[in-house]
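Accompanying notes for the structure given below.
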Number of protein chains: 2
Amino acid sequence: MIDTPDEAPFPSLSEADALPPSEQHAQQYAAVRNAHETELLEDYVELIGDLIVHQGEARSADIALRMGVSQATVSKMVGRLKSLGLVASKPYRSLFLTEEGETMARMSRERHAIVLQFLRALGVSDDTARIDAEGMEHHVSQETLDAMQRFSRQRGIPD
Amino acid sequence: MIDTPDEAPFPSLSEADALPPSEQHAQQYAAVRNAHETELLEDYVELIGDLIVHQGEARSADIALRMGVSQATVSKMVGRLKSLGLVASKPYRSLFLTEEGETMARMSRERHAIVLQFLRALGVSDDTARIDAEGMEHHVSQETLDAMQRFSRQRGIPD
DNA sequence: CAATACAGTTAGCCTTTGCTAAGTTATTTA
DNA sequence: TAAATAACTTAGCAAAGGCTAACTGTATTG
Ligand SMILES: [Mn+2]
Ligand SMILES: [Mn+2]
Ligand SMILES: [Mn+2]
Ligand SMILES: [Mn+2]
């Protein structure tokens, strides 16, 4: 049997980091699963809000086009958004955000903008920054957002 | 009908950013959907590799504990990993990574480490950095990884 | 104003990712 | 070594998020 000392004589530089305690580890994954539950809702309400601002109204066909999914998929998702009280609409008519939907949209938009600006300030190209921000935004805590904002303000491109 | 000028006389400072062209916008969301398809696979192989290194073997019960899911969920996922050729095992025995699994685990682990180190270098606390890195890692392009690594090396905590 | 085109919905299918409950195999210990 | 415990698997269920095909309603326009 190979001799396994209780404590290494000195820590090797190439030694891999130890695993975190399992409860903490589990919490990491739980936070990710949690984010996944609201991600799409956030992107939908954000997009609906943006369409209302930029095009005057939010129509399912536009959402489908911009999301890159079928209209049927949008229709089903809109049903879910309505049942969650985030969106209001009459059959065959365009979409509106409820108060709650507006709030979620505003928060998502702000968070999205912070992440995007941060990536640009880091030196990432615009196209890549947009792609990465679309996914990263949902996995960024307030603490990290604050750090990003500090960084952007300090050495970022103005505006 | 309301008069809509072809071009605004001058850009307002508080004007919201225009929406990206719809094809580009759709590509952003497509990239996120794409990342979601491999995310869990990456976390599983990474964890299996880590367990083998740190505990000598990877057992389903450990994975379930660390992932924070039921053993049944792990069992089903392991079936998928095997069918994808990432994992090998005999019924009721512990798990091994195939060559392909090792490769995916190594890449995931490296990417994960870059993101984690970067967040710490940005000034984010360890606990938060771990949580955010677990989700962000799957949505970070090579270009962004490079930028993160540059930043960490330049003003990061050494090691 | 009728025909057509466009927009929205519904039905039915699939995959992924989770769960619980019940069974099977392996390991530990009395 | 038999019983008990722990580990693993299987079956069956559900929700989320995709799809296509078929249908219904709205808007345009000849
Ligand atoms: Mn967004
Ligand atoms: Mn997004
Ligand atoms: Mn990881
Ligand atoms: Mn992860």
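Chain letters run A, B, ... following the sequence lines, proteins first and then strands; every chain starts at 1.
For A/Met77 and C/dT10, the CE to P distance is 16 Å, given to the nearest whole Å. Nucleotide C/dT15 holds its C1' atom 13 Å from the CG atom of B/Leu41, rounded to whole Å. Atom CG of B/Leu40 is separated from atom P of C/dT15 by 18 Å (rounded to the nearest Å). Counting to the nearest Å, the P atom of D/dG18 and the CG atom of A/Asp43 are 10 Å from each other. A straight line from NZ of A/Lys76 to P of D/dT20 spans 13 Å, rounded to a whole angstrom.
Listed for the B/Arg66 side chain is no donor-acceptor partner under 3.5 Å among the backbone atoms of A/Ala26. Looking only at distances, no side-chain donor or acceptor of B/Ser75 sits under 3.5 Å from a matching main-chain atom of B/Ala72.
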Could you pull out the protein-nucleic contacts involving nucleotides 1-8 of chain D (nitrogen or oxygen on both sides, under 3.5 Å)?
{"residue": "D/dA7", "atom": "O3'", "partner": "B/Arg59", "partner atom": "NH1", "Å": "2.8"}
{"residue": "D/dC8", "atom": "OP1", "partner": "B/Arg59", "partner atom": "NH1", "Å": "2.7"}
{"residue": "D/dC8", "atom": "OP2", "partner": "B/Ser60", "partner atom": "N", "Å": "3.4"}
{"residue": "D/dC8", "atom": "OP2", "partner": "B/Ala61", "partner atom": "N", "Å": "2.6"}

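Proximity of residues 80-89 of chain A to DNA chain D (heavy atom under 4.0 angstrom from any strand atom) is restricted to A/Arg80. Of the residues in residues 19-37 of chain B, B/Arg33 come within less than 4.0 Å of DNA chain D through at least one heavy atom, sorted by number.
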Practice problem: Mind running side-chain hydrogen bond (donor to acceptor under 3.5 Å, both in side chains) on B/Glu57 and B/Ser94 for me, showing each step along the way? | Solution: CA-CA 7 Å; B/Glu57 62 176 346; B/Ser94 69; 3.3 Å; yes
Exercise. Using the side-chain hydrogen bond (donor to acceptor under 3.5 Å, both in side chains) rule, take B/Glu143 and A/Thr128 through it: C-alpha gap first, then chi angles, then the decisive distance, then the call.
Key: CA-CA 7 Å; B/Glu143 188 190 339; A/Thr128 303; 2.6 Å; yes
Exercise. Test side chain to side chain contact (heavy atoms under 4.5 Å, CB included) on B/Asp43 and B/Glu137 and set out the steps.
Key: CA-CA 10 Å; B/Asp43 283 341; B/Glu137 56 168 348; 3.0 Å; yes
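Applying the ring-ring contact (aromatic ring centres under 6.0 Å, His included) test to every pair with at least one member in residues 58-116 of chain B, sequence neighbours left out, gives no pairs at all. Evaluation of the ring-ring contact (aromatic ring centres under 6.0 Å, His included) test over residues 26-57 of chain A, restricted to residues two or more places apart or in two chains, returns A/His25-A/Tyr29, A/His36-A/His139, A/His36-B/His36.
Rounding to the nearest 0.5 Å gives a distance of 5.5 Å between CE of A/Met104 and CG of A/Leu41. Here the CD1 atom belonging to A/Ile52 is positioned 7.5 Å from the CG atom belonging to A/Leu95, to the nearest 0.5 angstrom. Atom CZ of A/Arg33 and atom CE of B/Met67 lie 8.0 Å apart (nearest 0.5 Å).
Fit an axis to the five pairs at each end of the helix from C/dC1-D/dG30 to C/dA30-D/dT1 and the two axes sit 0° apart, to the nearest 10 degrees.
Tracing side-chain contacts under 4.5 Å through hydrophobic residues (I, L, V, M, F, W, Y), one never reaches B/Leu116 starting from A/Met136; they form parts of separate clusters.
Distances shown here put a side-chain N or O of A/Thr73 below 4.0 Å from the OP1 or OP2 atom of D/dC19.
Applying side-chain hydrogen bond (donor to acceptor under 3.5 Å, both in side chains) to B/Arg130 and the options B/Asp126, B/Asp127, B/Asp132 leaves one that passes, B/Asp126. Between B/Met148 and the options B/Val140, B/Leu122, B/Leu119, a side chain to side chain contact (heavy atoms under 4.5 Å, CB included) holds for only B/Val140.
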